[in-house]
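Along the sequence shown, residues carry numbers from 1.
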Amino acid sequence: MNHFFITGTSRGIGKAIAEQLLANPENFVTGLSRTSTITHERYTHVEMDLSNIEQVSKFNFPVLEQAKKIALVNNAGAIGEVHYVGKLEDDSIVQAYNINLVAPTILTNSFLNSYASNSAKQIIINVSSGAGKNAIDGWSVYCATKAGLDMFTKVTAEELKIADKKNVFIFAVAPGIVDTAMQDQIRTASTGDFSQVQRFIDYKKSDQLAQPGFVAGKYLSILDVPEKFTDVVFSVKDI
């Protein structure tokens, strides 16, 4: 039996990962998101707003003594407001930091604490972004939170190495440009808020966006054999 915890399973990459995992009768999936769009006998939905840190903190990972593999995929993300610094709403800044960085940090901390004495293979994948490495105008909060997520992942990986936790793996993996609701939001930005908006409109027009199911398959390859991947921070394009 394998158990997977995935945030943001109501749509996009998170939903695609969950559905592909459920194709294997040995896999059980718990989805953490505001709404549930998956109905399956081996799927459990936990209603959670990832921007509400009180809700996130109250979640307890269950005891899984019989599991061979346990994984956490911190997939949920929000680009937040696409505006230049100086025009951002405080609440929007806090919400994006909570969803993109604070919630994954809390869940990772809780996951590692909950299964510290469990000998099952444990995998954490933080869904990163190329925006964590590139300064993109209008995306200051998104870029900053994804850069923070990358560094948090690197430090955790270093700690696991020092502690000689050979059964625990952690990665920050960028999905590339995927045809999701986030891309819909990006394309509605004005050029005054985001100078590269036409490039993203063209990605959609020229069918350059990856489909969630294709990208989900890449993440499954990491969950299947995490030992194959030596880098901590990378992109699905590297697979």
Aromatic plane relationship, Phe5 with His3 - under 30° parallel, 30 to 60° tilted, over 60° perpendicular: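 His3 and Phe5: parallel rings.
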Ring geometry between Phe61 and Phe59 (parallel below 30°, tilted from 30 to 60°, perpendicular above 60°):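 Phe59 and Phe61: perpendicular rings.
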Can you tell which of [options] makes a side-chain contact (heavy atoms from CB on, under 4.5 Å) with [X]?
X: Val232; options: Val173, Val155, Leu160, Thr153; result: Thr153
X: Asn126; options: Asn75, Asn74, Leu107; result: Asn74
X: Phe4; options: Ile123, Thr30, Leu223, Ile125; result: Leu223

List the atom of [X], the atom of [Y], and the distance in Å for their closest heavy-atom pair.
X: Leu149; Y: Pro104; answer: CD1-CB, 3.8 Å
X: Pro175; Y: Ser128; answer: CD-O, 3.3 Å
X: Ile38; Y: Ala18; answer: CD1-CB, 3.7 Å
X: Pro62; Y: Tyr115; answer: O-OH, 2.6 Å
X: Thr35; Y: His45; answer: O-NE2, 3.2 Å
X: Leu64; Y: Met1; answer: CD2-CE, 4.4 Å

Hey, is the main chain of [Y] close enough, under 3.5 Å, to the side chain of [X] for a donor-acceptor pair?
X: Arg34; Y: Ser10; result: no
X: Asn100; Y: Ala78; result: yes
X: Asn27; Y: Leu22; result: no
X: Asp49; Y: Ser51; result: yes
X: Lys165; Y: Ala157; result: no
X: Asp238; Y: Ser235; result: yes
X: Asn134; Y: Gly130; result: yes
X: Ser221; Y: Lys218; result: yes

Under 6.0 Å from the [atom1] atom of [X], do we count more than 12 heavy atoms belonging to anything else shown?
X: Glu89; atom1: CD; answer: no
X: Glu227; atom1: CD; answer: yes
X: Phe214; atom1: CZ; answer: no
X: Lys68; atom1: NZ; answer: no

Test item: side-chain donor near acceptor, Tyr84 and Asp137, under 3.5 Å: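 Yes - a donor-acceptor pair under 3.5 Å links their side chains.
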Chi angles and distances behind the side-chain contact (heavy atoms from CB on, under 4.5 Å) call for Ile222, Phe169: CA-CA 10 Å; Ile222 303 168; Phe169 305 83; over 6 Å; no
[X] versus [Y]: any side-chain heavy-atom pair under 4.5 Å?
X: Val29; Y: Arg42; value: no
X: Val56; Y: Val102; value: no
X: Tyr142; Y: Ile136; value: no
X: Gln20; Y: Tyr219; value: no
X: Thr156; Y: Leu112; value: yes

Side-chain ion pair, Glu26 and Lys69, N-O less than 4.0 Å: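 Salt bridge: no.
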Residues Lys154 and Glu158 bridged, charged N to O under 4.0 Å: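 No, this pair does not count.
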Output the distance between atom [atom1] ([X]) and atom [atom2] ([Y]), rounded to the nearest 0.5 Å.
X: Glu81; Y: Asp91; atom1: CD; atom2: CG; result: 9.5 Å
X: Asp193; Y: Lys87; atom1: CG; atom2: NZ; result: 6.0 Å
X: Lys58; Y: Ile53; atom1: NZ; atom2: CD1; result: 13.0 Å
X: Tyr43; Y: Thr37; atom1: OH; atom2: OG1; result: 6.5 Å
X: Lys161; Y: Lys166; atom1: NZ; atom2: NZ; result: 11.0 Å
X: Ser129; Y: Ile79; atom1: OG; atom2: CD1; result: 8.0 Å

According to a 4.5 Å side-chain heavy-atom criterion applied to Ile, Leu, Val, Met, Phe, Trp and Tyr, with indirect links allowed, do [X] and [Y] form part of one hydrophobic cluster?
X: Val215; Y: Phe229; result: yes
X: Ile99; Y: Ile6; result: no
X: Val233; Y: Phe171; result: no
X: Ile106; Y: Ile124; result: yes
X: Leu101; Y: Leu50; result: no

Evaluation steps, side-chain contact (heavy atoms from CB on, under 4.5 Å), between Leu220 and Ile17: CA-CA 7 Å; Leu220 253 68; Ile17 292 172; 3.9 Å; yes
Residues Gln122, Asn167; criterion side-chain contact (heavy atoms from CB on, under 4.5 Å); working and verdict: CA-CA 6 Å; Gln122 298 168 35; Asn167 64 316; 3.6 Å; yes
